[in-house]
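Presented below is the structure to which this report refers.
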2 protein chains.
Amino acid sequence: MTHTVISSASKEVIIGFDQPFVVIGERINPTGRKLLAEEMKNGDFSRVESDALAQVAAGAQILDVNAGIPLADEPGILAKSIKLIQSITDVPLCIDSSIVEALEAGLAAYQGKALLNSVTGEDERLERVLPLVKKYGCAVVAISNDDSGISEDINVRFNVAKKIVERAQDHGIPASDIVVDPLVMPIGAINTAGRQVMALVKRLREELHVNTTCGASNLSFGLPNRNGLNAAFISMAISSGMTSAITNPLHTELMQAVRGANVVMGNDPECAAWIRAYREPLADGAQRRGRRGSRRRSTGS
Amino acid sequence: MTHTVISSASKEVIIGFDQPFVVIGERINPTGRKLLAEEMKNGDFSRVESDALAQVAAGAQILDVNAGIPLADEPGILAKSIKLIQSITDVPLCIDSSIVEALEAGLAAYQGKALLNSVTGEDERLERVLPLVKKYGCAVVAISNDDSGISEDINVRFNVAKKIVERAQDHGIPASDIVVDPLVMPIGAINTAGRQVMALVKRLREELHVNTTCGASNLSFGLPNRNGLNAAFISMAISSGMTSAITNPLHTELMQAVRGANVVMGNDPECAAWIRAYREPLADGAQRRGRRGSRRRSTGS
């Protein structure tokens, strides 16, 4: 049973097949958020702070932190964001950048064992990021594309993931510290995108024994009612063995699908988390509003 | 590829691994519906009629019809209900009774190839129902319990299903006309109920090559937010290979989960059904309300 342990100074989160699904909050990312980008660039981190707290309150177990702002001091802003977020919440963080210097600045600022986002199968990237993973003893998201781009053939994507896992082992990094992103394609363009991901997750789990993550909302790109489709997809991905996702915990439909999938997978003992999230108001409150009795039950927790 | 074909006089529905999931509307059933029971007993079928039309409008491809009213003429009421429903809608029907005489009266009244609900692994039931299935050339729901009751051991439930499929073959009924209900247990009581069903569905499909159905909402018995949990479960059951369910199509969350699962499974070509169900209002309507453009796209259908 593969356990990927991610931690802050005081809290540990385990990604694993026998664990509740881990939601990595994606909101702290200036890409496509002009106002947030402007604020972060100008040293105003109030929205970073409120986004962090809101995502944790909504159920995110890890927060992704990205400071990719064009023409800004990304390493400095990322390090500052990380220190700030670690001062107000105890959830572990996922340090996210396409710039290796920013990843290193983030790791240097971070307290605990981070999840680094990301390495790909590109040779240059592998040789720059894996030594950082080893040096800081963190875990890393491995994206299954390489120098030839993203393949529509899942065998190619599987082989890229395999290459990353093997190369990591050469650096002394265990497979349990690799979290593979099999890459979710827009199903409006590629009708088999859902089946592809589910088949790939199964192979990654059975043959490479690695945990997996994804940008779950990519699947619904270009389609109406994206939240509804993402909710169906995430519960199906979980049943195929996906163990985490980088996504928006503020979407209540998605979080309900995750909590429901945890129950169905048997990873919510006595359904305690489900009952906590959805139990009806207290009996006396219900009676005051004239409802027909209360269906609340004891949570045992 | 196993196809179970169910038909009315003018319409065919195919249950199959490569087909959109089939929702069998459960509403026309007086069990637990006192008013409906009273009305049906007194010859008032107005609610049967409106329930039929509402379920079809909500997306049910087949309607279950049950007339189980204590101390009433169940065979007569069932036959009358079936004739009435077939006069106002063209969807095929699932003839549902625990009384063999009622099943036969329903079959005699029905036009097309019905789905009979149900046979169990109990010897007496097998020997009374299977000849009817053969005589009328219908398909049948096979419930995986027998004279010893419902086992919590999925191997026992699998073996009951296998016995029914084999006994049906003795009667000249092909496996493609058997739709097995693996029995969904309340997960609040049995934590492994979800995994059990998913594992059983996989075996039924791979080893017995049969389609499957279930009472999806049993899973959430006793828990809060049942619709939310049922929605997560149904999409996961579909990804494990379940091909139909007897459930309530008026629950919009459940139907959204089914439509989403059809997309993810690749069984909604070009996402046409999803887009039809959820596309945003027409561009001119949207503009009149001052929305930011229209994200509507052509369905190609």
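Fair warning: this is a prediction, and the values are worked out from it, not measured in the lab. So you know, we letter chains A, B, ... as the sequences are listed, proteins then strands, and number each from 1.
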For A:E253, is it the side chain, the backbone, both, or neither that has a heavy atom closer than 4.5 Å to a heavy atom of chain B? side chain
For A:N230, is it the side chain, the backbone, both or neither that has a heavy atom under 4.5 Å from a heavy atom of chain B? neither
For the atom pair CE (A:M265) and CD1 (B:I187), what is the distance rounded to the nearest 0.5 Å? 10.0 Å
When A:G194, A:G228, A:S220, A:G260 are compared by non-hydrogen pairs under 4.5 Å with chain B, the top option: A:G228
For B:M198, which atoms come within 4.5 Å of any heavy atom of chain A: side chain, backbone, both, or neither? side chain
Any side-chain to backbone donor/acceptor pair from A:W274 onto B:P224? Under 3.5 Å, distance only. yes
Using only heavy-atom distances, determine whether the side chains of B:N191 and A:E270 contain a donor-acceptor pair under 3.5 Å. no
Taking all heavy atoms of A:A261 and all of B:A232, pick out the closest pair and write down the distance. N-CB, 4.0 Å
Please look at A:A193 and chain B and tell me whether the side chain, the backbone, both or neither of the residue comes under 4.5 angstrom of a heavy atom of that chain. neither
Please check if the number of heavy atoms outside A:E152 that lie under 6.0 Å from its CD is greater than 12. no
Measure distances from B:L219 to the heavy atoms of chain A and classify the residue's part below 4.5 Å as side chain, backbone, both or neither. side chain
If I take atom CG from residue B:L223 and atom CZ from residue A:R279, how far apart are they, to the nearest 0.5 angstrom? 13.0 Å
Any idea which heavy atoms bring B:M236 and A:S235 closest together, and the distance? CG-O, 3.3 Å
Side-chain heavy atoms of B:N267 within contact of A:R195, under 4.5 Å: yes
One option among B:I190, B:I234, B:L229 has the most heavy-atom pairs under 4.5 Å with chain A, and it is B:L229
Residue part contacting chain A, namely of B:A257, when any heavy atom lies under 4.5 Å: backbone
